[in-house]
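For reference, the structure discussed in these notes is given below.
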Protein chains: 2
Amino acid sequence: MDRMRIGELTERAGVTQRTVRYYESIGLLPSGEREGNGHHYYTEETVARLRKIDQLKKLGLSLEEIRDVIELYFTDPSGVQPKRKVLGLLRRHLADTDKKLEALGQFRADLQSHIERFERWLETNDRI
Amino acid sequence: MDRMRIGELTERAGVTQRTVRYYESIGLLPSGEREGNGHHYYTEETVARLRKIDQLKKLGLSLEEIRDVIELYFTDPSGVQPKRKVLGLLRRHLADTDKKLEALGQFRADLQSHIERFERWLETNDRI
DNA sequence: TACGAACATGACGTTAACGTTATATTCTAA
DNA sequence: TTAGAATATAACGTTAACGTCATGTTCGTA
């Protein structure tokens with residue numbers, strides 16, 4: 001009972017069929033197995049994958065970048081060399097993420113100080 | 001001597017002329033004053049503005065979002081109502097930023113834990 | 001003053017990440 | 001079994017943020 005077609009998949013994952021097919025076409029999503037009739041069938045994992053992709057997108061990762069990391073959420077590369085390779089990738093992503101975090105923190109501080117400036121101004125000048 | 005033309009502007013700000021003209025066209029950058037000849041002239045502030053825009057872009061803000069906040073870096077809205085309006089905008093941006101920070105922090109933690117997992121694996125299985 | 005460099009303007013091109021028909025086939029329920 | 005819903009595939013459309021000519025005018029200097 002864990003096999004579903006694209007209709008149920010997209011409803012549960014909150015994306016459109018076009019999105020699923022697009023992801024399949026760029027190799028971001030393994031294209032579901034097909035029956036003799038041509039229809040694709042998906043599983044729970046596909047739903048989870050789509051949700052994870054959505055999360056990563058919200059972090060500002062491009063689909064290409066996501067393709068680099070999505071696998072390690074659902075599979076384990078076997079062998080020392082593949083694991084080393086993925087580890088390198090992950091470390092780069094971590095460094096990038098730290099940079100983003102710092103910049104975003106700075107931006108937050110800027111916003112905060114602007115907000116306080118406006119608040120002070122309004123507090124002293126408002127009650128005319 | 002603080003008046004420059006687009007060539008110097010773009011060199012100092014690290015953007016192309018196309019970018020400057022595009023920003024002018026969408027109202028993100030005030031289009032430089034023009035002489036009788038048709039040439040635009042810019043100032044130090046334009047350089048600073050372009051750099052600030054670039055910073056904000058790196059935070060994942062769209063040019064439209066940047067247009068909402070860029071002014072308050074370089075001007076002060078006068079009057080209580082305008083200031084209230086900008087304050088509201090700023091608070092929304094602050095809330096958005098906090099959400100992004102949280103998501104990004106979570107992603108960082110995920111990455112970190114994956115990295116550690118791989119490191120442990122390699123440490124115990126590497127020296128065959 | 002002449003000529004190459006700089007500038008202005010217009011228009012078509014590009015990439016990412018899908019949206020939106022259009023058409024054909026398959027599934028499902030009455 | 002047959003109409004309507006779901007699916008597959010192809011192809012053209014869309015938005016953001018510019019890139020890349022093409023053409024014409026202006027600037028600066030030899």
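From a predicted model like this one, the values you see are computed outputs, not experimental measurements.
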Step by step, work out the salt bridge (charged side-chain N to carboxylate O under 4.0 Å, His left out) result for B:Arg108 and A:Asp96. CA-CA 10 Å; B:Arg108 205 212 111 99; A:Asp96 289 356; over 6 Å; no
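- B:Tyr23 has no side-chain polar atom (N or O) that falls below the 4.0 Å cut-off from OP1 or OP2 of D:dA17.
- Separating the CD atom of B:Glu11 from the P atom of C:dA5 is a distance of 16 Å, rounded to the nearest angstrom.
- Here the side chains of A:Leu94 and B:Ile115 are in contact, with some heavy-atom distance below 4.5 Å.
- Rounded to whole angstrom, the span from the CD atom of B:Glu24 across to the C1' atom of D:dA17 amounts to 15 Å.
- Per the geometry, OH belonging to B:Tyr22 stands 12 Å off P belonging to D:dT15, to the nearest Å.
- Near DNA chain D, meaning a heavy atom under 4.0 Å away, the residues from residues 60-67 of chain B are B:Ser62, B:Leu63.
- One can place CD1 of B:Ile26 at 9 Å from P of D:dA16, the figure rounded to the nearest angstrom.
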Sub-3.5 Å pairs of nitrogen or oxygen atoms, protein against nucleotides 25-29 of chain C:
residue, atom, partner, partner atom, Å
C:dC27, OP1, A:Asn37, ND2, 2.5
C:dC27, O3', A:Arg5, NH1, 3.4

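- Heavy atoms only, all atoms of each residue included: B:Arg5 and B:Tyr42 are closest at C-CD1, 4.1 Å.
- Using a 4.5 Å heavy-atom threshold, the side chains of A:Tyr22 and A:Leu28 count as separate.
- Between the NZ atom of A:Lys57 and the C1' atom of C:dA16 there is a distance of 10 Å, given to the nearest Å.
- Between A:Thr16 and C:dC18, a side-chain N or O to OP1/OP2 separation shorter than 4.0 Å is absent.
- For D:dT7, one of the phosphate oxygens OP1 or OP2 lies less than 4.0 angstrom from a side-chain nitrogen or oxygen of A:Gln17.
- Screening B:His40, B:Gln17, B:Glu11 against B:Ile6 for a side chain to side chain contact (heavy atoms under 4.5 Å, CB included) leaves a single residue, B:Gln17.
- Below 30°, between 30° and 60°, or above 60°: for A:His39 and A:Tyr41 the angle between ring planes is between 30° and 60°, a tilted geometry.
- Among the nucleotides D:dT7, D:dG19, C:dG19, the one closest to the side chain of B:Thr19 is D:dG19.
- For B:Arg21 and C:dT9, a side-chain-to-base donor-acceptor distance below 3.5 Å is absent, hydrogens and geometry of angles not being considered.
- Side-chain contact between B:Arg49 and B:Glu71 is present, with heavy atoms from C-beta onward closer than 4.5 Å.
- Atoms CG (A:Leu29) and P (C:dA17) sit 15 Å apart, rounded to a whole Å.
- Nearest nucleotide to the B:Arg18 side chain, out of C:dA8, D:dA8, D:dC18: D:dC18.
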Between A:Glu119 and B:Arg84, does the salt bridge (charged side-chain N to carboxylate O under 4.0 Å, His left out) criterion hold? Intermediate values first, please. CA-CA 9 Å; A:Glu119 280 171 343; B:Arg84 280 199 185 293; over 6 Å; no
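- In this structure, the NE2 atom of B:His40 is 13 Å from the C1' atom of D:dT25, given to the nearest Å.
- Judged purely by distance below 3.5 Å, without hydrogens or angles, the side chains of B:Gln112 and B:Glu116 pair a donor atom with an acceptor atom.
- One interatomic measurement links the two molecules: CG of B:Leu56 to P of D:dA17, which rounds to 13 Å at whole-angstrom precision.
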